[in-house]
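In what follows, every heavy atom counts, from backbone to side chain, and hydrogens, waters and symmetry copies are set aside.
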Amino acid sequence: SVTFVDVLCVKLDEFTVTLNTDENLPGQPKVIKEKLKEIVEIYNGYQKLIDTLVIFSSIPSFFGFIVNVLGICLCIVGAVKVSFVAGFAAAIGLFIQIAIPCLIGNLINLQSERFERALYDLPWFKIDDIEMRKMYLQFLLFSQKSGSLWLPMMGVMNVELLGSTMNAIYSYIMFILYFV
């Protein structure tokens, strides 16, 4: 994800330089068209990567997420009632298993936002050819679909999901410990 966005940002910078050069150079509209097509092709590869991650990780990550949440609750109850060190160590291990997918999802969200900022900063108004301008604006519309990983019934995997999950775990544990 990071590599795709780095390449896309470099290509957008090259495209900006091309747009800022003299428009009367021979072959300039063709160069602009080729660079824009290349950017669109790279973005399609990036979007396919995100779609593949969503397809193959959403359901297994959901079940892993739920099992780890329940495991953390049981480990903390065990830490309070049986052995503090063993329960706390197991809870930390399960927390890391929850945190890694959330941090990866957050990284993908940040990279998508970085690409969108670079795309919005492009001087599109310097594209003289109407067909190329339409192509760019359609690409802009298409790229607004932000790339993100999500869990069914839980939402986008990011740091906010991790924080709200930890708050929910804390609430459930306090409820369980109150009755135990």
Side-chain angles (χ1 to χ4, degrees), residues 1-13 38-122 139-180:
S1 160
V2 175
T3 307
F4 266 112
V5 174
D6 286 342
V7 170
L8 282 167
C9 288
V10 167
K11 293 295 181 181
L12 286 172
D13 289 342
E38 183 180 13
I39 291 169
V40 170
E41 288 174 4
I42 294 170
Y43 180 79
N44 284 338
Y46 172 68
Q47 202 59 38
K48 284 180 186 176
L49 172 71
I50 300 298
D51 292 342
T52 303
L53 284 172
V54 167
I55 289 169
F56 290 111
S57 72
S58 61
I59 301 297
S61 293
F62 173 73
F63 287 113
F65 204 83
I66 296 300
V67 167
N68 287 325
V69 166
L70 294 174
I72 288 174
C73 291
L74 293 175
C75 287
I76 292 177
V77 169
V80 171
K81 296 296 179 183
V82 180
S83 171
F84 179 77
V85 175
F88 188 69
I92 287 176
L94 294 173
F95 169 76
I96 291 171
Q97 289 183 14
I98 289 175
I100 289 173
C102 290
L103 294 176
I104 290 171
N106 195 52
L107 177 68
I108 289 173
N109 288 342
L110 292 174
Q111 292 302 315
S112 294
E113 290 172 8
R114 181 175 149 222
F115 170 69
E116 288 172 6
R117 278 193 309 271
L119 190 61
Y120 291 145
D121 290 342
L122 190 82
F139 175 59
L140 186 64
L141 179 68
F142 177 70
S143 67
Q144 287 177 348
K145 174 189 165 196
S146 83
S148 60
L149 297 179
W150 54 274
L151 289 175
M153 297 185 285
M154 296 190 105
V156 177
M157 289 177 56
N158 55 19
V159 178
E160 287 102 25
L161 177 65
L162 180 63
S164 64
T165 302
M166 290 302 117
N167 286 337
I169 288 173
Y170 176 76
S171 298
Y172 296 143
I173 296 233
M174 290 299 115
F175 182 75
I176 290 170
L177 290 177
Y178 179 74
F179 287 107
V180 173

Quiz item: Should E113 and V5 be marked as a side-chain contact (heavy atoms from CB on, under 4.5 Å) after you check the CA-CA gap, both sets of side-chain angles, and the distance that decides it?
Solution: CA-CA 10 Å; E113 290 172 8; V5 174; over 6 Å; no
Quiz prompt | Verdict with reasoning, I104 to M157, per side-chain contact (heavy atoms from CB on, under 4.5 Å) | solution = CA-CA 8 Å; I104 290 171; M157 289 177 56; over 6 Å; no
Quiz item: So V159 and C102, side-chain contact (heavy atoms from CB on, under 4.5 Å) or not? Walk me through it.
Solution: CA-CA 6 Å; V159 178; C102 290; over 6 Å; no
Practice problem: Check step by step if side-chain contact (heavy atoms from CB on, under 4.5 Å) holds for V67 and Q97. | Solution: CA-CA 10 Å; V67 167; Q97 289 183 14; over 6 Å; no
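A perpendicular orientation is assigned to the rings of F139 and F115, their planes being inclined by more than 60° (bins at 30° and 60°). Between F175 and F179, the ring planes lie perpendicular to each other; the angle is over 60°, past the 30° to 60° tilted range.
Between L149 and I50, the closest heavy-atom pair is CD2-O, 4.5 Å. When all heavy atoms are compared, the tightest approach of I42 to K11 is CD1-CG, 3.9 Å. Shortest non-hydrogen contact noted between A91 and I72 is O-CG1, 3.9 Å. When every heavy atom of L8 is checked against every heavy atom of Y43, the shortest pair comes out as CD2-N, 3.7 Å. Looking at every heavy atom in both residues, L12 comes nearest to L122 through O-CD1, 3.6 Å. The shortest heavy-atom contact between L94 and G71 is CD1-C, 3.3 Å.
A 4.5 Å side-chain heavy-atom check between L161 and F65 finds at least one atom pair inside the cut-off.
Atom CG of D51 sits about 10.5 Å away from atom OH of Y46, to the nearest 0.5 Å. Once rounded to the nearest 0.5 Å, the distance linking CG of L151 with OG of S61 reads 6.0 Å. Rounding to the nearest 0.5 Å places CD1 of I39 at 12.0 Å from CG of N44. Considering CD of Q111 and SG of C9, their distance stands at 8.0 Å, rounded to 0.5 Å. Atom OG1 in T165 sits 9.5 Å away from atom OH in Y172 (nearest 0.5 Å). Rounded to the nearest 0.5 Å, atoms OH (Y170) and SG (C73) are 13.0 Å apart.
Checking V69, L162, N68, I100 one by one against F95, the side-chain contact (heavy atoms from CB on, under 4.5 Å) holds for a single residue, L162.
When atom types are taken as modelled, the side chain of S143 and the backbone of L140 share a donor-acceptor pair closer than 3.5 angstrom.
For F62, the CZ atom counts as densely surrounded, since its 6.0 Å shell holds more than 12 non-hydrogen atoms of other residues, nucleotides or ligands.
For E116 and Y120, the side-chain atoms include no donor-acceptor pair closer than 3.5 Å.
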